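As the structure is a prediction and not an experimental result, all values here were calculated from the model.
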Amino acid sequence: MPVLKNVARCNVVSCSAFYLRSQQPMNYVPENALIVQSDRSILLEVHAPTAQQAREAIAPFAELIKSPEHIHTYRITPLSVWNARAAGMPVEDAISALRKYAKYAIPESVAQEIELLGARYGLTVIERIDAANPDLQLRIADLPLAELLVRDDRVKPMLGKRISDLCFQVDAGNRGVLKQALLAVGYPAEDLAGYVEGAELGISLRDRTLTDLPFNLRAYQQEAAEAFYQDGEVKGGSGTIVLPCGAGKTIVGMLAMSLVKQKTLILTSSLTSVHQWRREILDKTSLTEDAIAEYSSVTKQTAAVTLSTYQMLSYRSNKDDEFPHFELFNAESWGLIIYDEVHLLPAPIFRITAELQARRRLGLTATLIREDGKEGDVFTLIGPKRYDVPWRELEGQGFIATANCTEIRVAQNEAEKMEYALAPRRNQFRIAAENPAKLDVVQSLLQKEAGHRILIIGEYLEQLDAIAKITQLPLITGKTKQADRDRLYEAFRHKEIPGLILSRVGNFAVDLPDADVLIQVSGKYGSRQEEAQRLGRILRPKPDGHNASFYTLVSLQTCEEDFARHRQLFLTEQGYNYRIEVQKYV
């Protein structure tokens, strides 16, 4: 009987092993990194031997959704496929990359979807009729599609005379809005109409800065600029570069200027950023003071390189007036327009950009997330994404600082809890955000981080005023004069003051490379974009390699917790972890 039991056990084991082998796909490749799923999501196992090669292979046609410690998630979307096609990637290469690095056979429906989506790009082509004709033409691949588009209410108004069965005359001024309409109906245009040539700009990058420090381009900065320029061909010259805060997007912009070598208009988010661009251009290029002008409320000058802000150009005295400063776009023969922080581009600038498709256009951003969902407008009007590097990848290479993120949940006292409970829902967030107990936590953090370069940032001015009084740190808000802002930023850079308190003016383009601690006391509801930008203020690599610290103060057991989870979503998807501490009310 014991023998029979052993035989039975062996048979069971053998059957189980046979069952498991029979369930294992025949083409299972354990060292491969990708798992491709039928919902068009792609899982990448970070620790697989082929992970790096797989990541590089799929990055052109798949959007990175999240990248925590072990498994990164990508998704194939129409826009991601069309971005790849616009960059010149054949659909066969995309499908081959999935097959090459997949652990299991990829679902055929995914391959078919990539093929079908990819085939749509280029079925409509915008091109010049001839060199002597200012008008353009839309060339359509076949007659049924031509008939479909000419009857579509979004496309039809943009089409002029029918030149032939497959070609329609297009007013050059409608080039941008036609591209928007074609994207909306699912037939994105390949724009081969080229660009007007701007006035010549003699510019080169220095080997050493004005302060005689060595200046060396990083490989990814060179790759990004070249991916945009594409040797001056009509398939290049427009597009968006996505790099983390602190990774040197300004340098990519200057490198693009040195490749195009034509008069350049640079638009950015604030006058502080204008001054930073000016400082960087003088420090790292051959251009001199007289080649750079500022178009602002203070001075309205133009030069070979002109710097302005979105706020300036989209200003008008009331909503029914025209935009008086749009004339800047035609004031000079620009060969290149750079849109810094392109994720902030306001609707009026989109509108005028639709009329500027004959100019080369470069968008720079840390994240293409737009809270208004207008990523498609960036694709059509600025240009497709040409280059993207994950935040943690550059962190791993030492090009941006490692950041430790901590969320501190701060309890309210009994009176504040009651005020919060009885308040109308629309007022609860502000009550939570301005929890007075956060001031004690700020003081504790300042003691803990003494000796570091500290920024305190928040949404509500009364709260920031209170913090300024107890900490004796300078406060910069939208009401602070630009000269005073510049003086305080310079004092921070020269270590004359240990820290600064910033309103939302600190969200964007504040060049304070030594800042290594940021305390966020309140924010704009659940803005992922704002969370990413604020972390970016402390991501410049530190000379001694030490980590940065990002603290977020959130009122315990309030709606602020829910908004904080949403704010953190982009960064956690990039691989950042938030450690949670709970501060009980004493």
Colleague: Counting distance only, does the side-chain N/O of Q222 pair as donor-acceptor with the main-chain N or O of R218 below 3.5 Å?
Modeller: no
Colleague: Less than 4.5 Å apart, any side-chain heavy atom of I266 and any of I281?
Modeller: yes
Colleague: As a quick check of understanding, evaluate side-chain contact (heavy atoms from CB on, under 4.5 Å) for T309 and S273, giving each step before the final call.
Modeller: CA-CA 9 Å; T309 67; S273 181; over 6 Å; no
Colleague: Go through the steps to decide whether D191 and K179 satisfy the test salt bridge (Lys or Arg N to Asp or Glu O under 4.0 Å), and finish with yes or no.
Modeller: CA-CA 8 Å; D191 188 348; K179 286 159 66 175; 3.0 Å; yes
Colleague: Side chains of E223 and Y387: any donor to acceptor distance under 3.5 Å?
Modeller: yes
Colleague: Heavy-atom count around Q443 CD within 6.0 Å, excluding the residue itself: above 12?
Modeller: yes
Colleague: Test E490 against R487 for salt bridge (Lys or Arg N to Asp or Glu O under 4.0 Å), laying out the working first.
Modeller: CA-CA 5 Å; E490 198 63 24; R487 176 180 54 79; over 6 Å; no
Colleague: Decide, yes or no, whether a salt bridge links E560 with K438 under the criterion of side-chain N to carboxylate O below 4.0 Å.
Modeller: yes
Colleague: Any chance you could measure N577, atom CG, to Q568, atom CD, to the nearest 0.5 Å?
Modeller: 10.5 Å
Colleague: Partners of H494 by ring pair (Phe, Tyr, Trp, His ring centres under 6.0 Å), sequence neighbours excluded?
Modeller: none
Colleague: For residues 85-94, which residue pairs pass the side chain to side chain donor-acceptor pair (under 3.5 Å) check, not counting sequence neighbours?
Modeller: none
Colleague: Looking at T50 and Q53, would you say the former's side chain and the latter's main chain have a donor-acceptor pair under 3.5 Å?
Modeller: no
Colleague: Find out whether L345 and L381 are in side-chain contact, i.e. whether some heavy atom of one side chain is under 4.5 Å from a heavy atom of the other.
Modeller: no
Colleague: What distance do D212 atom CG and R206 atom CZ have between them, rounded to the nearest 0.5 Å?
Modeller: 10.5 Å
Colleague: Can you find a side-chain donor-acceptor pair between Q482 and T272 that sits under 3.5 Å?
Modeller: yes
Colleague: Considering residues at least two apart in sequence or located in another chain, which fulfil the ring pair (Phe, Tyr, Trp, His ring centres under 6.0 Å) criterion with F399?
Modeller: Y220
Colleague: Test of understanding: with side-chain hydrogen bond (donor to acceptor under 3.5 Å, both in side chains), list the residues that count as partners of D544, not counting sequence neighbours.
Modeller: H546
Colleague: Can you tell me how far apart NE2 (H452) and CG (L446) are? Round to the nearest 0.5 Å.
Modeller: 12.0 Å
Colleague: Test your reading of the model: is there a side-chain donor-acceptor pair from S522 to the backbone of E459, 3.5 Å cut-off?
Modeller: yes
Colleague: Can you tell me if H275 and E294 form a side-chain donor-acceptor pair at under 3.5 Å?
Modeller: yes
Colleague: Could you please spell out the steps behind the side-chain contact (heavy atoms from CB on, under 4.5 Å) verdict for F492 and L473?
Modeller: CA-CA 11 Å; F492 184 90; L473 292 175; over 6 Å; no
Colleague: Tell me the closest heavy-atom pair linking S80 and E63, and the distance in Å.
Modeller: CB-CG, 3.7 Å
Colleague: So, do T268 and L364 sit near enough that their side-chain heavy atoms are less than 4.5 Å apart?
Modeller: no
Colleague: Checking Q520 against T552: is there a side-chain donor and acceptor pair closer than 3.5 Å?
Modeller: yes
Colleague: Quick check on F215: does its CZ atom have over 12 non-hydrogen neighbours (other residues, nucleotides or ligands) under 6.0 Å away?
Modeller: yes
Colleague: Do the side chains of Y101 and V29 get nearer than 4.5 Å, heavy atoms only?
Modeller: no
Colleague: Can any side-chain N or O of K542 pair as donor or acceptor with the backbone N or O of A515 at less than 3.5 Å?
Modeller: yes
Colleague: Quick check for you: to the nearest 0.5 Å, what is the distance between I501 atom CD1 and I457 atom CD1?
Modeller: 11.5 Å
Colleague: Ring pair (Phe, Tyr, Trp, His ring centres under 6.0 Å) with W82: which residues, sequence neighbours excluded?
Modeller: none
Colleague: Please report the interatomic distance CG(L243) to CH2(W391), rounded to the nearest 0.5 Å.
Modeller: 10.5 Å
Colleague: Measure the shortest side-chain to side-chain distance between E395 and Y576 over non-hydrogen atoms and say whether it is less than 4.5 angstrom.
Modeller: yes
Colleague: Testing the basics here: between V110 and Q37, what is the closest heavy-atom pair and its distance to 0.1 Å?
Modeller: CG2-O, 3.4 Å
Colleague: Under a 3.5 Å threshold, yes or no: a donor from one side chain and an acceptor from the other, between Y339 and T353?
Modeller: yes
Colleague: If you look at every heavy atom in L64 and H72, which pair is closest and at what distance?
Modeller: CD1-CB, 4.4 Å
Colleague: Could you go through the salt bridge (Lys or Arg N to Asp or Glu O under 4.0 Å) check for K249 and E341 one step at a time?
Modeller: CA-CA 9 Å; K249 292 184 291 295; E341 310 280 13; 5.8 Å; no
Colleague: For residues E581 and Y551, determine if any side-chain heavy atom of one lies less than 4.5 Å from a side-chain heavy atom of the other.
Modeller: no
Colleague: Once side-chain hydrogen bond (donor to acceptor under 3.5 Å, both in side chains) is applied, do any residues pair with Q311, and if so which ones, sequence neighbours excluded?
Modeller: none
Colleague: Could you tell me whether the side chain of V36 reaches within less than 4.5 Å of the side chain of P107, counting heavy atoms only?
Modeller: yes
Colleague: Looking at K261 and I203, would you say the former's side chain and the latter's main chain have a donor-acceptor pair under 3.5 Å?
Modeller: yes
Colleague: Determine whether a donor-acceptor pair (N or O, by modelled atom type, separation under 3.5 Å) exists between the side chain of T264 and the backbone of Q262.
Modeller: yes
Colleague: Locate the shortest heavy-atom distance separating A532 from L571; write the atom from each residue and the value.
Modeller: CA-CD2, 4.0 Å
Colleague: Can any side-chain N or O of K385 pair as donor or acceptor with the backbone N or O of T240 at less than 3.5 Å?
Modeller: no
Colleague: How long is the gap from CG on D516 to CZ on R540, to the nearest 0.5 Å?
Modeller: 14.0 Å
Colleague: Backbone N or O of R504 within a donor-acceptor pair of the R534 side chain at under 3.5 Å?
Modeller: no
Colleague: T285 side chain to L282 main-chain N or O, any donor-acceptor pair under 3.5 Å?
Modeller: no
Colleague: Please check if the number of heavy atoms outside D39 that lie under 6.0 Å from its CG is greater than 12.
Modeller: yes
Colleague: Taking atom CD as the centre, does Q52 end up with more than 12 heavy-atom neighbours from other residues, nucleotides or ligands that are less than 6.0 angstrom away?
Modeller: yes
Colleague: Short question: side chain of Q230, backbone of A227 - any donor-acceptor pair under 3.5 Å?
Modeller: yes
Colleague: What pair of heavy atoms forms the shortest contact from I497 to L488, and how long is it?
Modeller: CD1-O, 3.8 Å
Colleague: Is the shortest side-chain heavy-atom distance between T73 and L43 below 4.5 Å?
Modeller: yes
Colleague: Output, in order, the C-alpha distance, side-chain angles, deciding distance and verdict of side-chain contact (heavy atoms from CB on, under 4.5 Å) for I519 and E449.
Modeller: CA-CA 11 Å; I519 303 170; E449 300 289 354; over 6 Å; no
Colleague: Determine the minimum heavy-atom distance between A94 and I114, stating which atoms define it.
Modeller: CB-CG2, 4.2 Å
